[in-house]
Amino acid sequence: MTFTSGDQAILHIDLDALVANWRRLGGMAPQAECAAVVKADAYGTGAAEVGKALQKAGCRRFFVAHSEEALALRQALPDPNTTIHILHGPTAGGEAGLAAANLTPVLSTPGQIAAWSALAKRLGRRLPAALHVDTGMNRLGLSEAEAYAVATDPAHLDGIDLAFVMTHLACSDEPDHPLNRSQADAFAALRQRFPNLKGSLANSAGIFLGPDFHHDILRPGIALYGANPLDPSAGSRREASRMAEVVHLQGKILQVRSVDRGQTVGYGAGYIVEKPTQIATVAVGYADGFSRALSGRGNAIIKGRQGHVRVPIAGRVSMDLITLDVSALDANDCRPGTPVSLLGGGIDIDEQAALAGTIGYELLTQLGKRYRRIYTSSSVGDAA
Ligand SMILES: *Cc1c(COP(=O)(O)O)cnc(C)c1O
């Protein structure tokens with residue numbers, strides 16, 4: 001946990017906690033297969049490291065969004081028994097490269113189905129794919145009419161081995177939203193048209209909606225990475241969906257200064273000091289994905305002799321730096337080099353995200369490239 005010289009900030013990623021979250025989600029639907037969604041570099045945590053840790057724990061199916069993400073993940077997970085799905089499907093002209101890398105696109109348009117089928121014919125072998133059907137989100141997937149057309153005339157699928165049919169929930173983080181039930185019913189009806197195919201419905205929050213939502217393949221993302229999949233509107237059910245902490249971001253104090261009454265802190269001089277104040281400057285800023293929306297709103301935690309002390313961000317978040325009001329701490333607990341927790345370590349991701357006016361997904365996927373990343377796992381040791 002200590003900083004070596006040169007480190008400005010450290011991003012700890014706890015792969016044991018990640019694996020524990022994956023096991024817990026899978027355990028909620030024991031008859032289903034638990035896959036893992038690792039798009040956007042595993043929500044900012046590192047797709048190669050996360051993929052390897054989950055594969056070692058028994059995960060055999062991964063989802064990414066882009067073809068390039070899938071090609072990169074295949075390098076990290078070359079085992080042909082590990083299936084990698086591309087949620088956006090193949091890009092026109094890119095199909096052959098995906099087949100060569102043994103990737104399994106999720107087909108979402110009649111054009112993608114036709115192109116994948118044409119490639120199978122050209123190669124003279126069957127190609128694997130999954131099918132995405134929209135049931136109410138109106139974002140990706142065949143319309144229900146297009147799906148029924150495919151089901152009625154299987155010639156559309158010539159040369160394609162369909163692994164499963166899937167849809168995506170629009171409101172699963174709000175358990176009482178009526179669209180959940182309506183999508184689950186539409187999906188159950190759709191599966192009758194594809195009687196021999198497996199089905200996949202639930203993202204992280206969907207797993208918490210109960211057995212009707214589980215089907216055969218689970219697709220959790222955010223909950224693997226430690227954020228709470230349910231919205232605050234879920235009330236007391238949200239306590240039960242609290243996940244193990246995976247991400248801990250620690251910045252380092254560069255300097256501490258005394259600021260007199262009447263002076264201001266930071267850009268725009270928006271933070272006016274009303275009594276003599278100790279200000280600590282920390283080497284993390286919005287260029288590191290630490291949202292500027294946390295200016296004057298976010299919190300940090302410093303471990304002092306009186307325990308963990310929560311301190312406010314004073315003034316604006318700038319590109320490379322933030323300033324904290326550390327007057328509550330003993331000067332000995334707060335000096336150049338002292339680590340400061342900015343996410344995790346007592347700062348709840350969802351709470352910090354709410355202060356920034358966003359969601360944990362966005363804070364995680366913005367995690368910066370300048371942090372020294374330390375992956376810890378009891379089975380592989382400290383893989384820094
Ligand atoms: C991102 C995504 C998921 C994972 O969702 P979480 O809410 O992060 O669990 C699952 N399915 C699809 C289609 C997605 O786009």
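Every number for a ligand or one of its atoms is a count from 1 in the order of the listing. Along the sequence shown, the residues carry numbers beginning at 1.
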Any atoms of ligand 1 less than 4.0 Å from a non-hydrogen atom of [X]? List them with their elements.
X: Pro220; value: 9 (O)
X: Arg139; value: 15 (O)
X: Tyr43; value: 1 (C), 4 (C), 5 (O), 6 (P), 8 (O)

Residue and atom name of the nearest protein heavy atom (relative to [atom]), distance in Å to one decimal:
atom: atom 9 (O) of ligand 1; answer: Ser204 OG, 2.5 Å
atom: atom 14 (C) of ligand 1; answer: Lys39 NZ, 3.0 Å
atom: atom 5 (O) of ligand 1; answer: Asn203 CB, 3.4 Å
atom: atom 11 (N) of ligand 1; answer: Arg219 NE, 3.0 Å

**Study point:** Which segment of Leu87 sits under 4.0 Å of ligand 1 when only heavy atoms are counted
**Key:**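 Near ligand 1, Leu87 shows its side chain, while the N, CA, C and O stay back.
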Check your understanding: Taking heavy atoms and a distance under 4.0 Å, where does Val37 meet ligand 1: side chain, backbone, both or neither?
Key ->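 Under 4.0 Å from ligand 1, Val37 contributes side-chain atoms alone.
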Practice item. Nearest 0.5 Å please: distance from the CD1 atom of Ile10 over to the OH atom of Tyr371. Key: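 If we round to the nearest 0.5 Å, Ile10:CD1 and Tyr371:OH are 12.0 Å apart.
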Review point. Would you call the rings of Phe63 and Phe164 parallel, tilted or perpendicular if under 30° counts as parallel and over 60° as perpendicular?
Key: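 Phe63 vs Phe164 ring planes: perpendicular.
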Using a distance-only test with no angle check, is there a side-chain donor-acceptor pair under 3.5 angstrom linking [X] and [Y]?
X: Arg191; Y: His215; value: yes
X: Gln255; Y: Thr281; value: no
X: Ser117; Y: Asp158; value: no

Exercise for review: Decide whether the shortest distance between a heavy atom of Tyr361 and an atom of ligand 1 is less than 4.0 Å.
Suggested key: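 Checking ligand 1 against Tyr361, which is what was asked, there is a heavy-atom contact under 4.0 Å.
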Review point. Counting only heavy atoms not in Gln306, do more than 12 sit closer than 6.0 Å to its CD atom?
Key: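 Yes - once you tally the heavy atoms of other residues, nucleotides and ligands closer than 6.0 Å, there are more than 12.
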Practice item. Please say whether more than 12 non-hydrogen atoms of neighbouring residues, nucleotides or ligands are located less than 6.0 Å from CZ in Arg257. Key: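 No.
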Point to revise | Any N/O pair Met166/ligand 1 closer than 3.5 Å | key: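 It does not: no N or O of Met166 is found under 3.5 Å from an N or O of ligand 1.
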Point to revise | N/O separation below 3.5 Å, Gly221 to ligand 1 | key: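 So ligand 1 has an N or O lying under 3.5 Å from an N or O of Gly221.
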Exercise for review: Quickly, which of Arg74, Gln55, Arg60 forms a side chain to side chain donor-acceptor pair (under 3.5 Å) with Thr82? Name it, please.
Suggested key: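 Looking at Arg74, Gln55, Arg60, the match for Thr82 under the side chain to side chain donor-acceptor pair (under 3.5 Å) is Gln55.
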